[in-house]
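Right, one structure below, let's go through it.
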Amino acid sequence: MAEAVERVRRLAREHSLRFERSIPLIASENLLSPYAKELLVSDLHSRYAEGLPGERYYEGNEQVDEIELLCLDLARRLFRCAFADVRPISGTVANLAVLKALAEPGDLVGTSRLADGAHISSAGFGAFGLRGVKPVYYAWDAERMTIDVARTREILRAVRPKTCLFGLSLFLFPLPIDELRPTLEEIGARGWYDGAHVLGLIAGGEFQDPLREGCTVLSASTHKTLPGPQHGILLADGDEELQQRLRSGAFPGVTSNHHLHAMAALAVSLAEHLEFGREYARRTIANARALAAALHARGFDVLGERLGFTRSHTIAVRVDAEGGGEAAARRLADAGIIANKNLLPGDTSPKHPGGVRLGTAEVTRLGMGEREMEAIAELAHDLLHRGRPASEIRTRAAELKRGFTTVQYCFGAGEAAYRYYDLVGRPPG
Ligand code: DSN
């Protein structure tokens with residue numbers, strides 16, 4: 001069995017080295033700060049703390065209680081809201097907690113279609129199906145890559161769901177919650193926002209603020225544009241009854257223990273975002289717009305051209321001319337540019353996505369700017385349009401990446417010894 005252990009360690013090391021040499025453009029990924037990362041391997045990882053601070057089912061939780069109270073306070077400050085719960089262990093688990101709190105089996109819940117960019121939580125085979133709720137799909141404006149307000153008003157008035165979820169995994173532009181708010185009030189529906197992708201942009205003041213625009217509940221994962229650990233969060237404004245329902249949705253509804261090491265890392269990440277988040281969010285969006293423009297200038301079919309391509313960290317490229325989403329994403333990855341195939345509006349088969357999704361949260365975190373976005377677009381153009389070999393692009397991608405291996409926008413960023421990819425551990429053997 002020692003061999004299996006060595007093998008896993010070697011594979012993890014290879015994985016890290018591969019990412020060290022690659023351009024990471026997955027829109028849902030990011031990097032932890034040094035202080036957040038060290039908490040993931042702290043003793044907190046080994047402990048249980050079910051319940052709430054001061055009301056635990058276990059002994060030995062005094063420091064955990066203080067960390068959780070601090071984490072809650074930082075979350076409420078960052079998102080300017082009355083309520084936070086940091087016990088969901090992922091974004092999907094946070095969504096399940098909300099569904100448990102707000103909906104009963106058989107209820108109708110408004111949402112977007114997967115092909116229009118919704119997260120799999122909204123699918124019958126995902127969290128919606130697990131809670132037994134039925135989706136009511138909003139109408140989509142594919143040119144503006146957002147909800148079609150007039151047609152969606154008609155749908156909502158006709159079907160009258162009690163809860164309306166807003167949020168996407170292909171999240172290019174803010175959603176028209178403000179415009180739909182009178183309709184939600186008219187039919188007595190509660191607005192709920194899944195802000196996983198754009199959480200750090202919301203907190204940085206660079207995206208719509210759903211809790212100010214008509215949603216009372218905000219759920220999210222905490223490791224995308226908010227560069228924290230893989231974890232989940234619930235945020236809300238609303239009365240004590242709503243808060244209590246959300247709390248019990250989180251525990252005992254959908255979690256038992258809440259991964260204390262990740263919660264501590266989240267506290268660090270929230271504090272760092274309070275300090276550095278505004279500038280980080282601004283730079284992330286500027287890089288996305290620069291990358292989109294550079295790809296478009298090189299003949300790529302980047303969606304949302306008339307609206308400046310994106311207002312977030314994400315861009316979507318239709319790649320029919322480059323062989324389709326699957327082939328294009330695979331060729332990019334082979335050449336050291338890591339992205340993912342993605343369904344785009346109008347796609348009819350989930351097995352044949354027509355697009356590639358690119359995000360700038362991670363490259364921005366590593367200090368890249370608009371000059372590097374031009375260089376990345378040129379690499380993609382040389383690979384997918386000019387037929388340059390993957391080996392050449394891979395070498396050039398690694399050269400470009402060489403100057404960007406230190407995480408920025410956090411405390412401890414300047415410590416000379418710290419390089420993100422070194423923290424994988426000693427080489428095996
Ligand atoms: N599936 C993730 C994404 O890539 O958007 C979100 O959970």
Side-chain angles (χ1 to χ4, degrees), residues 19 22-32 88-99 111-131 135 145-146 165-175 192-202 207 210 218-234 254-255 259 262 266 269 284-285 288 303 310-317 319 325-326 328-330 332-333 337-345 347 350-351 353-365:
F19 270 80
S22 300
I23 308 293
L25 295 175
I26 302 255
S28 48
E29 294 180 352
N30 214 322
L31 303 175
L32 277 176
I89 57 170
S90 75
T92 297
V93 168
N95 286 346
L96 275 169
V98 177
L99 284 167
T111 190
S112 300
R113 290 176 197 280
L114 260 52
D116 296 334
H119 184 245
I120 53 169
S121 289
S122 295
F125 55 76
F128 269 40
L130 208 57
R131 184 60 174 147
M145 287 299 284
T146 192
L165 168 59
F166 300 95
L168 300 166
S169 289
L170 184 68
F171 215 150
L172 305 185
F173 298 103
L175 294 170
W192 158 30
Y193 196 91
D194 177 348
H197 267 267
V198 290
L199 196 67
L201 309 181
I202 294 169
F207 206 70
L218 167 57
S219 59
S221 56
T222 57
H223 48 265
K224 298 183 168 73
T225 52
L226 185 92
Q230 295 223 356
H231 201 68
I233 195 167
L234 299 175
V254 294
T255 60
H259 297 188
L266 177 60
S269 306
T284 298
I285 296 170
L303 271 57
T310 185
R311 295 278 307 281
S312 76
H313 62 305
T314 300
I315 65 178
V317 186
V319 286
E326 171 120 33
R330 178 60 55 85
L332 286 166
I337 300 170
I338 315 279
N340 65 281
K341 61 189 173 207
N342 216 94
L343 282 180
L344 296 182
D347 284 351
K351 291 193 180 137
V356 168
R357 183 185 69 169
L358 307 170
T360 54
E362 187 168 339
V363 289
T364 306
R365 182 92 159 134

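Each ligand, and each atom within it, is numbered from 1 in the order the structure gives. Only this structure's heavy atoms are used, side chains among them; waters, hydrogens and symmetry mates stay out.
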Show the atoms of ligand 1 that are less than 4.0 angstrom away from any heavy atom in [X].
X: Lys224; answer: 6 (C), 7 (O)
X: Arg357; answer: 3 (C), 4 (O), 5 (O)
X: Ser169; answer: 5 (O)

Going by the angle between their ring planes, with limits at 30° and 60°, are His231 and His259 parallel, tilted or perpendicular? tilted
What protein heavy atom is closest to atom 7 (O) of ligand 1, reported as residue, atom name and distance in Å? His119 NE2, 2.9 Å
Protein contact of atom 5 (O) of ligand 1 - nearest heavy atom, named by residue and atom, plus distance: His197 NE2, 2.7 Å
Restricting to non-hydrogen atoms, name the atom on Asn95 and the atom on His119 that form the minimum distance, rounded to 0.1 Å. ND2-ND1, 4.3 Å
Within a 6.0 Å radius of atom CD on Glu29, are there more than 12 heavy atoms belonging to other residues, nucleotides or ligands? yes
Counting only heavy atoms not in Arg131, do more than 12 fall under 6.0 Å of its CZ? yes
Record the part of Glu29 in heavy-atom contact with ligand 1 below 4.0 Å; permitted values are side chain, backbone, both and neither. neither
Distance-only, no hydrogens or angles: does the Ser221 side chain make a donor-acceptor pair with backbone N or O of His223 under 3.5 Å? no
